[in-house]
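The next block holds one structure in the form of structure tokens; read it before the comments.
Basis for what follows: all heavy atoms, side chains included, without hydrogens, waters or symmetry-related copies. As the structure is a prediction and not an experimental result, all values here were calculated from the model.
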Amino acid sequence: MTLEYWTLVIAIFGALGTLSTWVYRFVVTKKKIGFEIVGSVYSDKLVYMFYILNNKSRLPISINSISICDNKNEIYCEKIPKRLLRKEEKSGSIVKSTTDTFSENFPIAINGLLGHSGYLLFVTEKYDFDKTENTSINIYTNRGKIKIKKIDLNYKDDHFELF
């Protein structure tokens with residue numbers, strides 16, 4: 001066993017260690033987002049939904065915008081919060097408390113391995129939005145676009161009072 005042999009063994013061991021570190025870092029830090037629609041309301045003028053978003057990566061991510069797509073249109077959600085629901089607690093004719101629920105405020109910052117939930121509002125009255133089997137969601141982040149295919153929108157005519 002010569003000195004050159006041991007040098008080669010150490011160099012190969014170092015190269016394998018470096019390669020395995022690169023592969024590990026790539027797998028751990030690539031963007032992985034979980035998106036689930038818990039409930040949604042669809043009408044001719046709007047779509048709003050309650051969603052859960054999970055950052056399955058170890059790096060933080062910023063959600064800059066979310067859009068809903070049918071075969072013809074891409075409709076972006078409202079970035080400025082709008083009141084969606086109002087719940088009043090009354091005692092007789094006296095209002096004890098009022099609770100308002102607003103749509104999401106953008107951008108959304110999510111740290112690694114954490115989640116976020118909220119309401120999204122899409123105004124569809126200017127578009128000929130068609131709720132089909134090809135309806136999908138695009139999530140625009142600081143690390144690129146993520147497309148989620150085939151989402152299910154529950155149809156409901158008598159939606160909550162908006163605005």
Side-chain angles (χ1 to χ4, degrees), residues 1-43 46-85 100-124 126-156 159:
M1 300 258 185
T2 64
L3 185 60
E4 291 86 18
Y5 174 77
W6 286 110
T7 304
L8 178 65
V9 168
I10 291 172
I12 291 172
F13 183 70
L16 289 175
T18 301
L19 182 64
S20 65
T21 301
W22 286 346
V23 169
Y24 173 76
R25 293 297 294 167
F26 174 74
V27 169
V28 168
T29 61
K30 76 178 194 175
K31 64 182 176 200
K32 293 181 270 186
I33 296 285
F35 185 84
E36 177 185 355
I37 298 173
V38 179
S40 64
V41 175
Y42 170 84
S43 73
L46 57 88
V47 173
Y48 69 94
M49 62 183 71
F50 186 78
Y51 72 97
I52 298 173
L53 192 65
N54 293 311
N55 182 5
K56 297 178 181 179
S57 171
R58 294 189 182 276
L59 293 178
I61 195 164
S62 174
I63 310 297
N64 300 323
S65 184
I66 298 176
S67 68
I68 190 169
C69 304
D70 62 1
N71 293 328
K72 302 168 279 206
N73 305 306
E74 182 173 16
I75 303 166
Y76 291 89
C77 67
E78 294 291 314
K79 290 189 175 185
I80 299 172
K82 303 262 192 289
R83 188 177 76 210
L84 295 175
L85 309 171
D100 290 331
T101 302
F102 290 88
S103 62
E104 199 62 63
N105 187 18
F106 283 88
I108 304 167
I110 307 173
N111 287 327
L113 303 175
L114 290 178
H116 181 82
S117 63
Y119 286 92
L120 294 175
L121 174 65
F122 302 90
V123 179
T124 59
K126 298 177 188 173
Y127 306 94
D128 184 24
F129 183 72
D130 185 23
K131 185 189 94 153
T132 65
E133 295 173 2
N134 297 326
T135 305
S136 64
I137 293 257
N138 290 329
I139 302 173
Y140 294 92
T141 72
N142 61 333
R143 292 195 264 154
K145 175 179 156 182
I146 301 168
K147 184 169 187 168
I148 298 172
K149 298 183 181 209
K150 290 191 178 182
I151 60 167
D152 183 29
L153 296 174
N154 301 322
Y155 185 77
K156 186 176 179 184
H159 57 277

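In this structure, T135 and I68 have side chains that are in contact, with non-hydrogen atoms separated by less than 4.5 Å. Using a 4.5 Å cut-off on side-chain heavy atoms (C-beta onward), F102 and D100 make contact. Between M49 and I137, the closest side-chain pair of non-hydrogen atoms falls below 4.5 Å. I10 is not listed as a side-chain neighbour of F13, based on a closest heavy-atom distance of 4.5 Å or more. Under the 4.5 Å side-chain criterion, counting only non-hydrogen atoms from C-beta, I66 is in contact with F122. The closest side-chain heavy-atom distance from L85 to Y119 is below 4.5 Å. The side-chain heavy atoms of Y48 and S103, taken from C-beta on, include no pair separated by under 4.5 Å. Between Y51 and H116 the shortest side-chain heavy-atom distance falls below 4.5 Å.
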>> Under the criterion side chain to side chain contact (heavy atoms under 4.5 Å, CB included), I'd like the reasoning laid out for L53 against I33: C-alpha separation, chi angles, the key distance, then a yes or no.
In response: CA-CA 7 Å; L53 192 65; I33 296 285; 3.4 Å; yes
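Distance CG/L46 to NZ/K82: 12.0 Å, rounded to 0.5 Å. The distance from the OG1 atom of T21 to the CG atom of L16 is 10.5 Å, given to the nearest 0.5 Å. For the atom pair CD1 (I52) and CZ (F35), the distance works out to 10.0 Å, reported to the nearest 0.5 Å. Rounded to the nearest 0.5 Å, atoms CG (L120) and OG (S65) are 9.5 Å apart. To the nearest 0.5 Å, atoms CZ (R83) and CG (L121) are separated by 13.0 Å.
Shown here for G115 and I110, the closest heavy-atom pair between the two residues is N-CG2, 4.3 Å. Of all heavy-atom pairs spanning S67 and E74, the tightest one is OG-OE2, 2.8 Å. Heavy-atom minimum distance, S117 versus E104: O-OE1, 3.9 Å.
When only modelled atom types and interatomic distance are considered, S62 and N64 share a side-chain donor-acceptor pair under 3.5 Å.
Each of I139, I63, T141 was scored for a side chain to side chain contact (heavy atoms under 4.5 Å, CB included) with I108, with one residue passing: I63. Of the residues I61, N54, L59, the one that meets the side chain to side chain contact (heavy atoms under 4.5 Å, CB included) test with S57 is L59.
Around atom CD1 of I80, no more than 12 heavy atoms belonging to other residues, nucleotides or ligands sit under 6.0 Å away. Around atom NZ of K126, no more than 12 heavy atoms belonging to other residues, nucleotides or ligands sit under 6.0 Å away.
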